[in-house]
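Below is one structure; the comments refer to it alone.
Quick note on labels: first sequence line is chain A, next is B, and so on, each numbered from 1.
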Amino acid sequence: MSRPIATTRSMAGIPTARLAVWWIIASEIAIFGGVLGSYLMHRLAHGIWADYAANTNEWLGLTNTFILLTSSLAAVLAHQAAERGDGKRAANLLYATCAGGLAFLCVKAYEWNYEISHGMTITSNTFWSFYYTAAGIHALHVIAGCILMLFVAQTAKRNEELHRVEIIGVYWHFVDVVWIFLFPLLYIAK
Amino acid sequence: MSDDHAAHGDSHYVKIWAYLLVFLIISFVGPMLEIQWLTLVTAFGIAGIKAYLVVVNFMHINAAPRFVTYAVTTTLVFMLLFFAGAAPDVMQSSGTNWIKPAWIEAERAYEAGEVSGGGHGEAAGHGDEHGDGHEEAAGAHH
């Protein structure tokens with residue numbers, strides 16, 4: 001069976017799929033950069049925001065950073081396995097990455113449950129609006145990444161379409177990079 | 001797939017991951033000393049280093065054609081332009097022909113100790129720290 005042109009075409013010295021994921025990342029930078037830039041402006045302008053930030057749990061932030069960094073390791077090792085043509089190992093490592101994403105979401109759910117039950121909601125004030133918006137958009141990206149990764153793992157397990165392992169990995173690492181900046185902004189600098 | 005990727009063994013990536021964890025611990029412990037410049041360096045400076053390690057070693061941006069790096073860098077530059085253009089307005093409580101009266105009042109109340117953002121575990125969400133909307137100063141003309 002022939003493959004779609006979009007999959008096989010290699011323009012400008014880069015496979016189209018890889019080019020596409022980099023374009024997605026460039027546009028995602030505009031999304032997250034806009035939110036985080038706006039947050040930073042308000043944070044620097046309002047002394048009271050440091051007090052609000054003191055309510056976030058830095059240990060849970062640390063845990064989630066560790067989880068995402070480790071899941072990124074699994075994703076790059078999956079890429080490495082795909083390079084060697086070992087689709088089964090690549091799939092297993094993608095499942096491990098996915099498990100990391102799930103663990104991240106569980107910690108986030110626990111954290112939000114605590115904060116919301118203590119009166120810190122998205123409508124409380126501008127700080128909490130930014131907090132839930134930034135972390136919420138990021139969590140949506142984690143969910144999307146996990147779903148896509150399960151599809152990619154299914155085909156990789158059959159040693160098919162192994163190039164997709166790299167593509168989903170690049171996306172996942174970007175999600176990791178966004179969290180690397182969210183962590184100090186929302187949890188550390190108080 | 002990326003051309004130089006196969007040149008690295010699994011141990012290379014484990015080593016990068018270990019570096020990332022060391023930096024993570026430094027970025028966590030540094031701000032505990034509550035020295036402002038150290039917090040900036042350890043929290044945000046190290047975030048930049050961690051992001052660089054991930055982008056170069058895990059995402060292999062160096063293996064992509066140079067224009068990919070330019071495209072990503074361009075979006076970052078646009079973010080800086082956005083910040084530079086919006087910050088002078090957003091970060092001020094007043095400007096030419098406009099003021100933010102609710103903000104000024106909230107800042108005064110905060111500095112007077114009449115409101116607080118709360119501490120750990122407190123219900124600290126219901127203070128309105130400032131008014132977001134601009135209001136024209138009396139007699140102002142656009």
Chain B heavy atoms under 4.5 Å from [X]: which part of the residue, side chain, backbone, both or neither?
| X | answer |
| --- | --- |
| A:Phe183 | side chain |
| A:Val177 | side chain |
| A:Ile180 | both |
| A:Ser117 | neither |
| A:Leu185 | both |

Tell me, with the steps shown, if A:Thr121 and A:Trp128 meet side-chain hydrogen bond (donor to acceptor under 3.5 Å, both in side chains).
CA-CA 6 Å; A:Thr121 69; A:Trp128 290 108; over 6 Å; no
Looking at chain B, which one of A:Pro184, A:Gly37, A:Ala26 has the largest number of heavy-atom pairs inside 4.5 Å, strictly under?
A:Pro184
Chain B contacts, top residue of A:Ile167, A:Thr70, A:Val178, A:Leu40 (heavy-atom pairs, under 4.5 Å)
A:Thr70
With no hydrogens and no angle check, is any side-chain donor or acceptor of [X] less than 3.5 Å from a backbone partner on [Y]?
| X | Y | value |
| --- | --- | --- |
| A:Asp176 | A:Trp172 | no |
| A:Tyr171 | A:His141 | yes |
| A:Ser71 | A:Gly101 | no |

Residue part contacting chain A, namely of [X], when any heavy atom lies under 4.5 Å:
| X | value |
| --- | --- |
| B:Phe78 | neither |
| B:Ser27 | both |
| B:Ile61 | both |
| B:Val72 | both |

As an exercise: rank B:Val68, B:Val54, B:Leu24, B:Thr39 by heavy-atom pairs under 4.5 Å with chain A and give me the winner.
B:Leu24
Parallel, tilted or perpendicular: which one describes the rings of B:His60 and A:His79, with boundaries at 30° and 60°?
perpendicular
Which class fits the ring pair A:Trp179 and A:Phe104: parallel under 30°, tilted 30 to 60°, perpendicular over 60°?
perpendicular
Check the surroundings of atom CZ in B:Phe44: do more than 12 heavy atoms from other residues, nucleotides or ligands lie under 6.0 Å from it?
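More than 12 heavy atoms, drawn from other residues, nucleotides or ligands, come within 6.0 Å of this atom.
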In terms of hydrophobic clustering (I, L, V, M, F, W, Y; side-chain heavy atoms under 4.5 Å; direct or indirect links), are B:Leu53 and A:Val175 co-clustered?
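Yes, one cluster joins them.
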